> 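First the structure, which I've put down as C-alpha cells, then a few questions once you've had a look.
Note that the structure is a prediction, hence the values are computed from the model and not measured. Numbering of ligands and ligand atoms starts at 1, following listing order. Computation of the quantities below employed the complete heavy-atom set of this structure, encompassing side-chain atoms and omitting hydrogens, waters and symmetry-equivalent molecules.
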Amino acid sequence: MSILLTGGAGYIGSHTAVSMLQAGIDVVLADNFVNSSPKVLARIEAITGVRPTLIEADLCDREAVRAIFRAHEISGVVHFAGLKAVGESVAQPLRYYRNNLDSALTVLEVMREFGRTQFVFSSSATVYGDQPAPLTESAQTGGCSNPYGWTKFMIEEILKSAAAAGPQLSVVLLRYFNPVGAHESGLIGENPNGTPNNLMPYITQVAVGRREKLTVFGDDYDTPDGSGVRDYIHVCDLAEGHLAALRYAESHTGCEVFNLGTGRGSSVFEMVRTFGEVNGVDVPYVIGPRRAGDLAAVYADPAKAQQVLGWTAKRSLADMCRDAWNFQRRNPNGYE
Ligand code: NAD
Ligand code: UDP
C-alpha cells in the first residue's frame, strides 16, 4: 500500500516524501508542476536511494485522479496540492478558489469511490485570523484576510462536514505555522518562482546576491523589538509531523486538528541576526512600512500535537538558517 502525496513535488511535499521513504513507507507523488519541477525526483532518490512514482496530473481532473487510484494501492492521502501565494490570491481569487477547492473535493470524492478513508490536509495558521497568540486549536477560525486563507478555512469546513456525515472517514487537519529551512543534504529546499513573498527565501536570495537588500516590513509593532513575530518551523520537523498524523489517522476516525509549530515566536530582526551569525554572511536591510494584512505576533500552542501525536519540533532557528542557506548556496537557481 502507498500514501498519495498530492503536490508531492512541492516544498513541503518533497520533504515529507523523504521522511516517509526513510521510514519505509511507500509514496506516490502527483503534481501538475504549476509551482514545482519534476527534477525534484532525482534529488529525492539521491537522498533516500528510492525513486518513488511521480505522476504528472491536475488534481482537479477527476479522470486523472481515478487513474492514480486504479494504478496504485493507495491507503491514504496527504493533500498538499494547492496554490499558496497570498498576494496572487488577492489578484486572482477565482483561480485560487477553483484550484484549491476543486482539487480537494475531487480527491475526496475519488477516495470515496475507491473506499479509501484516510485524508491528511495541509491547512495553515492563517485560518485563525487576527487573534492573540499563542493559538490553540480550539480558537475560533475564519476572519481570514485574503482568498488563500479562505480556501484553507473552507476546505477545513468541507472536511469537518464530510467526517461528520461519514463515520468511517479519518481526517487530520494540520495547521502549519511558518515552514522554513531545507533538508540537511542541501539537495531539496524551497524554490519559489519570481520574487519571494516570504521572509526566509528573501533573506537567502539577498545573501546569495540575487537581491540587494531585505525590506523589514515595519519596526513599530507591539513586539519586543518592533518587528513582526512568527513561529518558524523547520520543514523536516514539519515533514515528520505528517508521519505522526498518518499514524493517528490509521487508528482513529472523525476529524482532528493539530497545530504544527514550535510554540516559539521569533522576530524579523532575530531571524536576520541568527542567519548572519550562523552562516557568516551579511544580510543588508532597510526598514519599510508595514505590509498590508500583516499581524504583529503569530505563534502556536503546540501542546496538543505533543500530547496526542507524540510529535514535537526539535530543530532550532539556527538549524533552519543553516539549512536554508546550505540549499540556496548549492542551488543558486533552484533545481534548474
Ligand atoms: P508548493 O507550492 O511548493 O507545493 C504545492 C504543490 O502543489 C506544487 O508542487 C504545485 O505544483 C502543486 N499543485 C498546485 N495545484 C495543483 C493541482 N491542481 N494539481 C496538481 N498539483 C498542484 O507549496 P508548499 O509550501 O509545499 O505547500 C504545500 C501545502 O501546504 C499547500 O497547500 C500550502 O497552502 C500549505 N501551506 C504552506 C505553508 C508555507 O508557508 N509553505 C504554510 C501553511 C500551509
Ligand atoms: N517580512 C519582512 N520582509 C519580507 C518578508 C516578510 O519583513 O520581505 C516579515 C513579515 O512582515 C512577517 C514575517 O517577516 O512579520 C514573516 O513573513 P512571511 O511572509 O514569511 O510569513 P507570514 O507573514 O505569512 O506569516
> Under 4.0 Å from ligand 1, counting heavy atoms only, is it the side chain of N100, its backbone, both or neither?
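For N100, no heavy atom sits under 4.0 Å from ligand 1.
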
> Which bit of E190 is near ligand 1, meaning a heavy atom under 4.0 Å away: side chain, backbone, both or neither?
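None of E190 does.
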
> Side chain, backbone, both or neither: which part of Y148 has a heavy atom under 4.0 Å from ligand 1?
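Just the side chain.
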
> Among protein heavy atoms, which lies nearest atom 8 (C) of ligand 1, and at what distance?
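The protein heavy atom lying closest is D31 OD2, 3.6 Å.
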
> With backbone taken as N, CA, C and O and side chain as the heavy atoms from C-beta onward, which portion of A30 lies under 4.0 Å from ligand 1: side chain, backbone, both, or neither?
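The answer is neither.
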
> Report, as yes or no, whether the 6.0 Å neighbourhood of atom CG on D222 holds more than 12 heavy atoms from other residues, nucleotides or ligands.
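Check fails, neighbour count at 12 or below.
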
> Are V78 and V308 linked, directly or through intermediate hydrophobic residues, by side-chain heavy-atom contacts shorter than 4.5 Å (ILVMFWY only)?
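V308 clusters together with V78.
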
> Using distance alone, with no hydrogens and no angle criterion, decide if R43 and N331 have a side-chain donor and acceptor under 3.5 Å apart.
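On atom types as modelled, these side chains qualify, holding a pair under 3.5 Å.
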
> Considering only heavy atoms, which protein residues lie less than 4.0 Å from any atom of ligand 2?
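Contacting ligand 2 under 4.0 Å are N178, N197, N198, L199, L214, T215, V216, F217, G228, R230, Y232, V268, R291, D294.
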
> How about CZ on R98, more than 12 heavy atoms from neighbouring residues, nucleotides or ligands closer than 6.0 Å, or not?
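No, CZ of R98 has 12 or fewer neighbouring heavy atoms, counting only those of other groups under 6.0 Å.
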
> Take the angle between the ring planes of F121 and H79 and call it parallel below 30°, perpendicular above 60°, tilted in between.
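Rings of F121 and H79: parallel, under 30°.
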
> Below 4.0 angstrom from a heavy atom of F33, which ligand 1 atoms are there? Numbered from 1 as shown, please.
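Answer, ordered by atom number: 11 (O).
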
> If we ignore angles and hydrogens, is there a donor and acceptor under 3.5 Å between the side chains of N259 and D301?
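No, no side-chain donor-acceptor pair sits under 3.5 Å.
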
> Who clusters with V229? Use side-chain heavy atoms, under 4.5 angstrom, across I, L, V, M, F, W and Y, and order the result by chain and number.
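Other cluster members: Y299.
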
> Which is it for A125 and ligand 1 at heavy atoms under 4.0 Å: side chain, backbone, both or neither?
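Neither; nothing of A125 gets under 4.0 Å from ligand 1.
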
> Who are the ring pair (Phe, Tyr, Trp, His ring centres under 6.0 Å) partners of F269, not counting sequence neighbours?
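F269 satisfies ring pair (Phe, Tyr, Trp, His ring centres under 6.0 Å) with Y285 once adjacent residues are dropped.
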
> Among the clusters formed by ILVMFWY side chains lying less than 4.5 Å apart, do Y248 and F80 turn up in the same one?
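Y248 and F80: one cluster.
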
> State the atoms of ligand 1, each with its element, that fall below the 4.0 Å cut-off from a heavy-atom position in D58.
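Answer, ordered by atom number: 17 (C), 18 (N), 19 (N).
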
> Given G82, G7, G10, which one has a non-hydrogen atom that is nearest to atom 14 (C) of ligand 1?
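It is G82 that holds the nearest heavy atom.
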
> Does any pair with a residue in residues 243-267 pass salt bridge (charged side-chain N to carboxylate O under 4.0 Å, His left out), and if so which ones, sequence neighbours excluded?
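Residue pairs with at least one partner in residues 243-267: E256-K304, R264-E270.
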
